[in-house]
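What you are looking at is a predicted structure, and each value in this text was computed from that prediction instead of being measured. Proteins come first, then strands; the chains are lettered A, B, ... in the order of their sequence lines, and each starts at number 1.
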There are 2 protein chains.
Amino acid sequence: MARSKREDWRGCPIRFGMGHFGDPWTLLIIRDLMFRGKRYYSDFLGSGEGIASNILADRLKRLHSAGMIDKARDPDNRSKFIYTLTAKGLDLMPIMLAIIDWSATYDAATEAPPEFIAQLREDPDSLMRTLRARLLEEP
Amino acid sequence: MARSKREDWRGCPIRFGMGHFGDPWTLLIIRDLMFRGKRYYSDFLGSGEGIASNILADRLKRLHSAGMIDKARDPDNRSKFIYTLTAKGLDLMPIMLAIIDWSATYDAATEAPPEFIAQLREDPDSLMRTLRARLLEEP
DNA sequence: GGTCTGAACTTGCTTTTTGCAAGCGCCATG
DNA sequence: CATGGCGCTTGCAAAAAGCAAGTTCAGACC
């Protein structure tokens with residue numbers, strides 16, 4: 001096998017996952033959408049890690065064509081675009097939470113709030129419901 | 001912020017994760033170790049996706065220095081090395097299973113065995129225990 | 001309706017990472 | 001002590017990422 005482009009990776013579930021987010025940036029964008037309430041291109045640009053604008057544009061395009069995010073004009077300011085997670089994107093939440101759990105364990109400098117981690121370990125399902133509900137009712 | 005090398009990414013749990021496995025190859029190696037019983041350099045090389053030997057050597061080095069895998073001479077053939085998961089590497093299992101779950105949902109061509117997915121969704125904890133036990137008792 | 005501004009990209013160029021093919025050193029076996 | 005498998009390393013070409021500057025388009029203001 002091999003030799004196919006990564007976007008075409010499928011079959012093996014881990015390989016399929018890597019085809020979609022096997023790079024350093026994609027899941028950081030998902031994080032911004034999922035946990036930090038960010039919605040605009042300029043929000044992602046200023047997100048701390050310093051993603052380059054061309055890479056950001058490319059990743060947004062890929063996420064959109066993979067059906068993980070939607071893109072729409074901001075009704076309050078039609079010169080801006082609002083990006084939001086689709087169901088497929090929201091369904092990445094268990095992956096994100098598993099990463100957060102692992103990192104909270106192994107990163108001595110973790111900034112994950114202790115009560116978030118506590119709830120994640122005690123009752124992950126209710127935490128997920130809370131987070132999803134918050135995302136769906138956002139303005 | 002920004003400008004630091006990815007190996008030094010920490011603080012934010014997602015960023016920390018991406019610093020460790022924010023590339024297409026690392027988790028494929030973990031998959032081979034975790035689900036496919038692979039242990040040798042040559043096993044990983046021949047794993048279907050066609051990783052280049054220099055990249056493989058580099059990723060094994062990183063995984064080892066991050067404490068996610070061990071490297072030891074094969075007692076049966078001292079010209080070979082055996083790679084195994086450490087506790088830190090084994091603890092990636094929830095992430096791997098979450099990826100598998102997501103991919104089984106969204107990859108129409110998934111090769112994940114249906115009964116594996118069924119058990120993953122019904123009783124993930126017992127599946128995890130089974131998988132971990134199998135890894136620990138391996139020859 | 002002309003100009004200005006902010007937001008969302010795009011372009012061109014440099015640097016870094018990856019991919020590929022070949023080679024090298026070590027240990028086991030005959 | 002030659003041969004061959006195994007685990008890498010090296011050199012070079014191709015692709016991706018990073019950086020700075022430029023372009024486009026919508027809306028606001030004049």
* **Residue pair A:Asp91, A:Arg132: steps toward the salt bridge (Lys or Arg N to Asp or Glu O under 4.0 Å) verdict** => CA-CA 10 Å; A:Asp91 282 347; A:Arg132 293 182 85 111; 3.1 Å; yes
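- For A:Lys80, whose side chain is taken as the heavy atoms from C-beta onward, the closest listed nucleotide among C:dT18, C:dA7, D:dT10 is C:dA7.
- Residue B:Ser42 places no side-chain N or O under 4.0 Å from the OP1 or OP2 atom of D:dG5.
- Under 4.0 angstrom from either OP1 or OP2 of C:dT17 there lies no side-chain N or O belonging to B:Trp25.
- When the nucleotides D:dT9, D:dG27, C:dT10 are ranked by their closest atom to the side chain of A:Asn77, D:dG27 comes out on top.
- Side-chain N/O atoms of B:Lys61 include one lying less than 4.0 angstrom from OP1 or OP2 on D:dT9.
- Taking every side-chain heavy atom of B:Tyr41 into account, D:dG7 is the closest of C:dT10, D:dG7, C:dC20.
- Comparing C:dC9, C:dG12, D:dC8 by their closest approach to the side chain of A:Ala57 singles out C:dC9.
- Of the candidate nucleotides C:dA22, C:dC9, C:dA7, C:dA22 has the atom nearest to the side chain of B:Ser53.
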* To do: Start with the C-alpha gap between B:Asp58 and B:Arg62, add the side-chain angles, then the distance that decides, and say whether salt bridge (Lys or Arg N to Asp or Glu O under 4.0 Å) holds.
  => CA-CA 6 Å; B:Asp58 176 73; B:Arg62 289 189 200 203; 3.0 Å; yes
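- Of the candidate nucleotides C:dC20, D:dG27, D:dC8, C:dC20 has the atom lying nearest to any side-chain atom of B:Ala52.
- The side chain of B:Lys71 approaches D:dC8 more closely than any other nucleotide in the set D:dT9, D:dC8, D:dA26.
- Of the N and O atoms on the side chains of A:Ser47 and B:Arg15, not one donor lies less than 3.5 Å from an acceptor on the other residue.
- Between A:Tyr83 and C:dC9, a side-chain N or O to OP1/OP2 separation shorter than 4.0 Å is present.
- Separating the CD1 atom of A:Ile55 from the C1' atom of D:dA16 is a distance of 7 Å, rounded to the nearest angstrom.
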* Go through the steps for A:Leu90 and A:Leu136 under the test side chain to side chain contact (heavy atoms under 4.5 Å, CB included), then give the verdict. => CA-CA 10 Å; A:Leu90 265 174; A:Leu136 294 174; 4.2 Å; yes
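- The side chain of B:Arg78 lies closest to C:dA28, out of C:dG19, C:dA28, D:dC8.
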